[in-house]
Amino acid sequence: MKIKWKTLAPLFVWLAIVLSPIPTGLVANQWNYFAVFAAVITGLVFESFPVGAVGLIGLTFAAVMGYVEPNPGKSIKWALAGFSEGTVWLIVGAFMFAVGYRKSGLGERIALQLVRLLGKRTLGLGYAVAFADVLLGPATPSNTARSGGTIFPIISNIPKIFGSEPGPTAGKIGTYVMWTAFATTGVTSSLFFTALAPNAAALSIAKKTVGVDVSWAQWFTGFAPLGILLILLVPLLSYVLCRPEVKESPEIVEWAADQLNIKGPMSRNEWLMTAFVLLAMFLWITGANKSITVPFFGSNYINATMVVLVVISLMLVTKVIDFADIIAEKGAWEVFIFLASLLTLASGLNEIGFIKWVAESFAAPLHGVSPTWALIALVALFFWIHYFFSSLTSHTAAVLPVVLSVGAAIPGLSVPTLTMLCMYSLGLMGVIGPYATGPAPIYFGSGYIGKAQFWKLGLIFGLVYFAGLILIVLPWLQSGL
């Protein structure tokens, strides 16, 4: 069997670090652990192995070597701690919501209904695509499944109706529709905590690194002023920049209506799935408020992870999904192993004191800078360095602990504000390139958006999104919501 260089890349990185001189202020144990962590990030960036395997191998090696806990019994407990993380189970559970959307047909119906209602004009079609992502976002933690798996298969039929194919005729309507769908999913991924899997990783890292925690409702409230504005702006800005030749699209309305007629009236499972999603939204919004009594529960507080477990149980009891569907959801279990391993490895950097050393080393030059400007500089670093990553989760694990720790070491800097801005960046930064987030290769591979055009639009929208973080979300967070 031929061994590819990408398979060996993590080993080379590990060896290079281990054999390098240990920096002043660190001991061998800390430096060796960092080498393992860097090798794992390299494996994720180059996709040397499946993502779950990369994290598990690195975690196992660190545990066997006793880098964090020398005692074997304590070391295995440390290694398995991430598998009981509530935020990890929250995302796995929300993946099952996506199964319910898909199996019941509700996700497809929502998209088609919006196209039927708003698709008469091309601009309206763009808003239909955007609103479909918004409606699916709260209960679909994989933007690849939401945008690439539900919305893309539907909208990929639209350009062909107008003779818009990949290549010379892409600009008729195809480029506009595809880019609007892609740019929107970045916004919804930041608007809802449960709309992007790395959001859970980011929050878990923030809790362990700087003690910052937020509820589902607090997450939404903090980003809503920008998120809602961008949902309204993206289709219009895309319309201006992509310049579709087709301005009206009555044929699309007819096509969507025909598709809905084929589907027939809403089924029992679609109605049930609608009720379950609304229930989850209600409990996420009100359940963390200890002044509000949650009906049918033993207390007036219900954890966000418990919400998804309750809804999954209801879906199983009512046969909206089967247990076999849960077992077969490969993506959810891969994310489970991946997130659990990566979160444990990232927390290990903090436990052994490596993050503290980094913070002390890099925060010193910023001590004379205004706390606000230092905060903006750190958010800018976190956002734009994503050009060097192809995975939002690996970016989160590698960069977020460092940025937060550096920020915490700067006098006067608001760590909660820095944390929220970095976490909100995760969905938005996915727009910058054709590999920056899961759906990106799908839309790039459609052929409707040229390579140079993709990078150009990504930069423009990235600048707009980043400016919104600094000019709208930052003052909003500083005002105390």
Side-chain angles (χ1 to χ4, degrees), residues 22-27 30-31 33-34 37-38 41 190 198-199 201-214 218-219 221-223 225-226 343 345-389 392-429 462-463 465-481:
I22 300 173
T24 303
L26 292 178
V27 298
Q30 294 169 312
W31 190 238
Y33 183 87
F34 171 68
F37 184 79
I41 297 301
S190 290
N199 290 345
L203 183 57
S204 181
I205 289 171
K207 285 192 287 187
K208 293 180 179 180
T209 305
V210 291
V212 174
D213 192 14
V214 294
Q218 288 172 321
W219 180 292
T221 303
F223 190 73
L226 175 61
L343 290 178
L345 285 168
S347 67
L349 287 173
N350 192 43
E351 292 175 49
I352 64 174
F354 184 86
I355 294 297
K356 181 181 179 182
W357 173 80
V358 171
E360 291 174 349
S361 301
F362 288 91
L366 294 173
H367 275 220
V369 180
S370 159
T372 298
W373 283 111
L375 184 150
I376 292 173
L378 289 171
V379 175
L381 170 67
F382 186 75
F383 190 101
W384 295 107
I385 202 174
H386 189 59
Y387 272 117
F388 298 99
F389 289 87
L392 291 173
T393 306
S394 61
H395 178 162
T396 303
V399 184
L400 185 60
V402 176
V403 168
L404 295 185
S405 297
V406 170
I410 298 174
L413 188 146
S414 173
V415 176
T417 300
L418 172 64
T419 302
M420 296 300 290
L421 288 172
C422 287
M423 292 194 295
Y424 288 146
S425 297
L426 288 172
L428 298 179
M429 67 177 63
L463 288 169
Y465 290 177
F466 180 75
L469 279 175
I470 302 305
L471 299 177
I472 297 176
V473 179
L474 174 56
W476 174 245
L477 294 176
Q478 289 176 329
S479 71
L481 305 186

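All values below were derived from every heavy atom in this structure, side-chain atoms included, with hydrogens, water molecules and symmetry-related copies excluded. The model shown is predicted, which means the values in this text are computed figures rather than measured ones.
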For residues 417-426, the side-chain hydrogen bond (donor to acceptor under 3.5 Å, both in side chains) pairs (sequence neighbours left out) are Ser414-Thr417
Name all residues meeting the side-chain contact (heavy atoms from CB on, under 4.5 Å) criterion together with Trp384; count only those two or more places apart in sequence or in a different chain, and write none if there are none.
Ala380, Tyr387, Ile432, Leu459, Leu463, Phe466
To the nearest 0.5 angstrom, please state how far the [atom1] atom of [X] sits from the [atom2] atom of [Y].
{"X": "His386", "Y": "Leu392", "atom1": "NE2", "atom2": "CG", "value": "4.5 Å"}
{"X": "Leu421", "Y": "Trp476", "atom1": "CG", "atom2": "CH2", "value": "14.0 Å"}
{"X": "Leu474", "Y": "Gln478", "atom1": "CG", "atom2": "CD", "value": "4.0 Å"}
{"X": "Ile470", "Y": "Leu226", "atom1": "CD1", "atom2": "CG", "value": "10.5 Å"}
{"X": "Leu381", "Y": "Ile376", "atom1": "CG", "atom2": "CD1", "value": "14.0 Å"}
{"X": "Lys208", "Y": "Leu404", "atom1": "NZ", "atom2": "CG", "value": "14.0 Å"}

Locate the shortest heavy-atom distance separating [X] from [Y]; write the atom from each residue and the value.
{"X": "Pro401", "Y": "Ile205", "answer": "CG-CG2, 3.7 Å"}
{"X": "Pro411", "Y": "Pro371", "answer": "O-CG, 3.6 Å"}
{"X": "Ala202", "Y": "Leu426", "answer": "CB-CD1, 3.6 Å"}
{"X": "Leu400", "Y": "Cys422", "answer": "CD1-CB, 3.7 Å"}
{"X": "Ala397", "Y": "Ile41", "answer": "CB-CD1, 4.4 Å"}
{"X": "Met423", "Y": "Ala206", "answer": "SD-CB, 4.5 Å"}

Do Tyr465 and Ser190 have side-chain heavy atoms sitting under 4.5 Å apart?
no
So do Val27 and Ile22 actually touch side chain to side chain, heavy atoms under 4.5 Å?
no
Does the side-chain contact (heavy atoms from CB on, under 4.5 Å) test come out yes or no for Phe34 and Ile352, once each step is laid out?
CA-CA 10 Å; Phe34 171 68; Ile352 64 174; over 6 Å; no
With side-chain contact (heavy atoms from CB on, under 4.5 Å) as the test, would you mind laying out the steps for Leu428 and Phe223 before giving the verdict?
CA-CA 11 Å; Leu428 298 179; Phe223 190 73; 4.0 Å; yes
If the plane angle is over 60° it's perpendicular, under 30° parallel, otherwise tilted; pick one for Phe382 and His395.
tilted
